[in-house]
2 protein chains.
Amino acid sequence: MLDVLQEHIIKRLGKVPERFEEVAKAFEPLRPKRGTYLLREAEVCKHVYFIVEGCLQVFVIDKNGNESTRELYTEEQWVTDIFGFKNQQASEEYIKCVEPCKLLRIHYDAFQYFSAEIPAFAQIYQQILELSYSNTVYRVNTMTSLNALDRIKWLIENKPQLMTRLSNKLIASYLGISPETMTRLKGKL
Amino acid sequence: MLDVLQEHIIKRLGKVPERFEEVAKAFEPLRPKRGTYLLREAEVCKHVYFIVEGCLQVFVIDKNGNESTRELYTEEQWVTDIFGFKNQQASEEYIKCVEPCKLLRIHYDAFQYFSAEIPAFAQIYQQILELSYSNTVYRVNTMTSLNALDRIKWLIENKPQLMTRLSNKLIASYLGISPETMTRLKGKL
DNA sequence: AACGACTCTTGATAAATGTCAATGATTTTG
DNA sequence: CAAAATCATTGACATTTATCAAGAGTCGTT
């Protein structure tokens, strides 16, 4: 799986990174099956995950016990509970595999060490941070400025793969609507 | 105004930053009045703004012409269109003063230069990035997992200053509800 | 192939929220 | 300081979306 990571990093950095071998050793491969929780509310997130294959759902549970999906991540994306990870504090989110996955994860201690020691590592981390932040800003705007039907159209336009590979129910949660409304609105497309 | 900036940075870094004088010179003071646009959709965002005093609204305009407020920023916060700024691409957002403001702004070129040249600058930028990202993640979860009444309660709990210093209409836009609904739900508190 | 669990769809109904219009209050500005 | 503009509130009504329930379909496991 490390080859996928290396390719990903070369794409970002435009070259083979310094001390890649050393960094690569710190990544632990993982093959969790569908339904596995990588993080639960109130736990402290100890890792950053890189998705080689599969799909991760990050969500919170509302007062009625319903999942509210903040984000769905797939191949070549980086996932963590950013606030909890950086401050090593209890998470408010859950992270769950919604497909069988191939993941690489790096521990907080190694992450801290490489951030301080290897400039290229810090540089890539910053790029990922900027991209993640941009995406989340965009998500706020999408969720607050579009109605349910337009959010569905948006997803079809912008993330068609998600639409086809995930369940109606999960997509509905991602779009902030009930599965029933999702079914009905799809008929109006 | 630079004293406020210096204090802010000392708080973040835990010490007086290296080459502060040099960096400080790159910050241009600005005193826009209420209603001034700092950025419009389709423009390229050339600056990062630091708020010494006042309040900035960042929003998009939906298909019905209504403002949908992504964020409201006040004293000692950093504001830009992150995606457009980093890539020097057209913005999808507007940035507007909703109070008379005292601002400091740094130009893209200076920002790039200091990021590369001064480690402490890059370090503080990264901290701000992490905090901004965390806040935005939190905002997605708040907006998608709470109903209108609970979002109002959330605001009163977590950002009471905003509630009192801004108009009903603006707060409603921030919470993603109509001004009329806002008025009615406030009666139910 | 059969079982169980889960999912999708559809209908009926309810709840939440938006829209439009009118009025009075407040703020801004010449 | 007075006119003009904007804002807050309220009522009536419309629209959107959620909820609950039932049946049919799908999937994975044994």
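Values in this document were obtained by computation on a predicted structure and should not be read as measured data. All values below come from the heavy atoms of this structure, side chains included, with hydrogens, waters and symmetry mates left out. Chain A is the first sequence line, chain B the second, and so forth, proteins listed ahead of strands; every chain is numbered from 1.
- Taking the ring axis of Y174(B) as reference, the NZ or CZ atom of R139(B) stays within 45° of it and closer than 6.0 Å to the ring centre.
- For M182(B) and dT19(C), the CE to P distance is 16 Å, given to the nearest whole Å.
- The CZ-P distance, from R184(A) to dT13(C), rounds to 13 Å in whole Å.
- Across residues 144-172 of chain A, S167(A), N168(A), K169(A) each have a non-hydrogen atom less than 4.0 Å from an atom of DNA chain C (numbered order).
- Taking atom NZ on K188(B) and atom P on dT9(D), their separation rounds to 16 Å, with Å as the unit.
- Proximity of residues 173-181 of chain B to DNA chain D (heavy atom under 4.0 angstrom from any strand atom) is restricted to E180(B).
- Salt-bridge formation is detected for the pair E76(B)/K11(B): a Lys NZ or Arg NE/NH1/NH2 atom is positioned less than 4.0 Å from an Asp or Glu carboxylate oxygen.
- Between the side chains of N141(B) and E93(A), a donor-acceptor pair is found at a separation under 3.5 Å.
- Nearest approach of P29(A) to M1(A), heavy atoms of both residues: CB-CE, 3.2 Å.
- Taking atom CG of residue N66(A) and atom P of nucleotide dT17(D), one finds them 17 Å apart after rounding to whole Å.
- A side-chain contact (heavy atoms from CB on, under 4.5 Å) with C97(B) is found for exactly one of L56(B), I51(B), L30(B), namely L56(B).
- For the pair R105(B) and F111(B), the cation-pi test (distance below 6.0 Å, angle within 45°) is failed.
- When each of Y108(A), Y49(A), Y125(A) is tested with F85(A) by the rule ring pair (Phe, Tyr, Trp, His ring centres under 6.0 Å), just one qualifies, namely Y108(A).
- Spacing between atom CE of M143(A) and atom C1' of dT17(D) amounts to 13 Å, rounded to whole angstrom units.
- Nucleotide dC27(D) holds its P atom 14 Å from the CD atom of E99(A), rounded to whole Å.
- For the ring pair (Phe, Tyr, Trp, His ring centres under 6.0 Å) criterion with F50(B), the lone passing option out of F27(B), Y73(B), W78(B) is W78(B).
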